[in-house]
Enquirer: 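Once you've had a glance at the structure underneath, I'll fire off some questions.
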Amino acid sequence: MGTRKRLVSSSTSEPSSSSNPQQTTQPNNPQQQQQSPDPPIAPPKWGFLLKLSLFSIPYFYLIYFHFSIDSELRRSIIINAGLSLAGFFVTVRMIPVASRYVLKRNLFGYDINKKGTLQGNVKVPESLGIVVGIVFLVVAILFQYFNFTADSNWLVEYNAALACVCFMTLLGFVDDVLDVPWRVKLVLPSIAALPLLMAYAGHTTIVIPKPLVPHIGIEILDLGWIYKLYMGLLAVFCTNSINIHAGLNGLEVGQTVVITYAILIHNIMQIGASTDPEYKLAHAFSIYLVQPLLATSLALLSYNWYPSSVFVGDTYTYFAGMTMAVVGILGHFSETLLIFFLPQVLNFLLSLPQLSGYIPCPRHRLPRFDPQTGLLTGTNDGTLVNFFLRNLGPKSEKSLCIYLLIFQGIACCFCFLLRYLLAGWYK
Amino acid sequence: MGRRKRLVSSSSSNPQQNNNRQPQQNNNPQQQSPDPPIAPPKWGFIFKLSLFSIPYFYLIFFRFSIDSELRRSIIINAGLSLAGFFVTVRMIPVVSKLLLKRGIYGYDINKEGTPRGKVKVPESLGIVVVTVFFVVVILSQSSNFTANSNRHAVYDTALECISFMTFLGFVDDVLDIPWRVKLVVPSIAALPLLMSYAGHTTIVIPKPLVPHIGIEILDLGWIYKLYMWLLAIFCTNSINIHAGLNGLEVGQTVVITYAILIHNIMQIGALTDPEYKLPHVFSIHLVQPLLATSLALFSYNWYPASVFVGDTYTFFAGMTMAVAGISGHFSETLLIFFLPQVLNFLLSLPQLSGYIPCPRHRLPRFDDQTGLLTGTNDGTLVNFFLRNLGPKSEKSLCIYLLVFQGIACGFGFLLRHFLAGWYK
């Protein structure tokens, strides 16, 4: 189901490094004569990142000035932000290093949307999500030692969250390496989400929207195990929906960056507006996991944005999807999360006929690239990418991606608007 | 540092097909002949090993009167582990096909020169083991009705450490990361364990030494946590370097886990305080699935090996046993079970530290005429045994080493018996 941005995933071989294990880099003797020495990947796009980092201004304004947040809590958030920033720089530093190893092991692809141009012949390393996943886990584990607002309940949920994310990332990397069948891909997130379902100690009730109360008759409905089933399905949906809303340089990471930013704003607003300390802790918990996700994703985006120097692989999409599902569930804002995921939901609905087999489903459902004009044209495939192209006309890859990310941002703003209008609808 | 049983780690592989995403049966291998299926599991061997379960269940049901709630949770876990065994046996050939297709295999160095030395053996089958293990542990956690929310924290911490460690193992198997990274990142993977350790940090001074030292109980505080941390790093890496023969890595794990289970049951039977029993129950809940899934892998990995386990497995097994030992409060006993690994580590120190030149492989020399292995001057337990026992075949050498592992575990039990009262 994941649209793979590659035509050939592996070709010629490499001998194993039979040299001294004490050295960290070994010179390789390529046995096949048909490949040229691998070029180093392009440097990160710092200018692009600088422009994006301007968004942090409203965020920190909210933390420091607009709301009066308990200073203990604020300190924990800032410490987490500091660790995340360190994680950002480590990730930026490690991606080129990991790329070399990945290329050596033939985990690369060719950029389909540049086929026919010079860039279409460059070997792009895949699965750089492993760097993001490892740095994220290290930051998250180290943060436990710095958190001052911890209590035993918090530790339980935190460890459950990390167990889920870690296992999911492992499965994602296994999928990248082994290419598991798509039926297995559906089941795996459910398995990885199990620790979460066990540790979830919150309520399983939903609040009926005020307009519907007179019709249904009750205000609060206890769903019990159905709620847990919903949580499991949410994990499956989040992980796979990012995977299928993909195929353009920077789309997977970009959508994650937009959604995580919206999540952070939502969390801060909830902390500022609420008086219930339990409620605040739930949102703080979400911040502690999402800040590292955002920071490491930005580091990856600096390489993955158009034109991509690295591909993220299923490792990244699974990791990001699971982390967002986990914070949505444990932070008790999964319905809000679903509205942030509106483009992914639309993409999924558009894709249903082909995914279910009702309409024949090709290997790739990407738009058609014309090397003469450098523009993409929409096919009749049922994806949001093609939908946009069919209605907006042929676009370049970069501008199409920007349109899609703006649409993602609009969906998030729409959610905030909806919450404002229906204040009192949410618990 | 990891002993790789391979000369060439990858060669040609198959291009992606641009057709429907179904498990491809119609690949066009360009440069290689069709991959042969792996040999079936060695059921006879497993059956002989399963006879060891008789004393174990005797202890559970008859010898000790164990609280029926506890016994039920142990049996449920054992049942799930048994199911896990069969699932693993079923899945290993399936995953092997995928691994071979992706070029993750090696050639058996200890059969170089014989026809077997040309067979492509799939590597990193540890991923099957860890996936089944994860599912079994979670399912047994959910069916264990005596759990409250704090117990969940211990399980989740354990799963977190183990899955992070396995993830690193698999990344290492695929990408071959430098050994310095292999030392640093596991240190971080072991940290959650320290956070959730809610037990005491005291040690009991052995009775003979009390008059000299003057106190009976010594609170080590953070030094104890440092010891726990180093133990986790040690366990994960020590299995990795005590390797290189068919079935050695899995075999040593099977022997040690069996000893752990016997120890846990004996402690549960002998202790009266329920607080002290719970850590051992937790250890059983982790170790039974480990043993069951490892036996499944063993049925393929025993001589002659059809699959290789990879760093994925050795890191996973080492971390799981370290977690069980630390959370179960029997880490000192665990260290004695790990005696052969400790000896191997001490023998290896000169070469690992660089004092003596360290070759890529420190395996014994294989003579394809006689079919026997001869010990080199490398500092490993494998070579030490060969130098003193003379040239041996790979299978009998492995059996010797596993018997030695069993003796070390028996010695651990003996030591405890004599120094009863030494342990808390």
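Per chain, numbering begins at 1; letters A, B, ... match sequence-line order.
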Enquirer: Relative to chain B, which segment of A:L142 carries a heavy atom at a distance below 4.5 Å: side chain, backbone, both, or neither?
Expert: side chain
Enquirer: Given a strict heavy-atom distance threshold of 4.5 Å, which part of B:F170 is in contact with chain A: side chain, backbone, both, or neither?
Expert: both
Enquirer: A:I141 versus chain B, heavy atoms under 4.5 Å apart: side chain, backbone, both or neither?
Expert: side chain
Enquirer: Heavy atoms only, distances under 4.5 angstrom: which of B:I127, B:L98, B:I162, B:I138 has the most pairs with chain A? Name it, please.
Expert: B:I138
Enquirer: Backbone N or O of A:L178 within a donor-acceptor pair of the B:R102 side chain at under 3.5 Å?
Expert: no
Enquirer: Should B:L159 and A:F167 count as side-chain neighbours, where that means a heavy-atom distance under 4.5 Å?
Expert: no
Enquirer: Please tell me if the side chains of A:I134 and B:F167 come closer than 4.5 Å, counting only heavy atoms from C-beta onward.
Expert: yes
Enquirer: Working to the nearest 0.5 angstrom, can you tell me the gap between A:S127 OG and B:L175 CG?
Expert: 8.5 Å
Enquirer: Heavy-atom pairs under 4.5 Å with chain B - which of A:V165, A:V174, A:L197 has more of them than the others?
Expert: A:V174
Enquirer: Can you tell me how far apart CG (B:D176) and NZ (A:K104) are? Round to the nearest 0.5 Å.
Expert: 7.5 Å
Enquirer: Decide yes or no for B:V130 and A:L170: does some side-chain heavy atom of the first lie under 4.5 Å from some side-chain heavy atom of the second?
Expert: yes
Enquirer: Test of understanding: with side chain to side chain donor-acceptor pair (under 3.5 Å), list the residues that count as partners of B:T314, not counting sequence neighbours.
Expert: B:N240
Enquirer: Return the minimal non-hydrogen interatomic distance between B:E160 and A:C166, and the atom names on each side.
Expert: O-SG, 4.1 Å
Enquirer: My understanding is that only residues two or more places apart in sequence, or in another chain, count here; which of them pass side chain to side chain donor-acceptor pair (under 3.5 Å) with A:Y316?
Expert: A:S297
Enquirer: Rounded to the nearest 0.5 Å, what separation is found between the CZ atom of B:F164 and the CG atom of A:L162?
Expert: 9.5 Å
Enquirer: Output the distance between atom CD1 (B:I188) and atom CG (A:L137), rounded to the nearest 0.5 Å.
Expert: 10.5 Å
Enquirer: Drop me the distance from A:L171's CG to B:S163's OG, to the nearest 0.5 angstrom.
Expert: 9.5 Å
Enquirer: Would you give the length of the straight line joining atom CG of A:L194 to atom CZ of B:F134, rounded to the nearest 0.5 angstrom?
Expert: 7.5 Å
Enquirer: Any side-chain heavy atom of A:Y158 within less than 4.5 Å of one from B:D156?
Expert: no
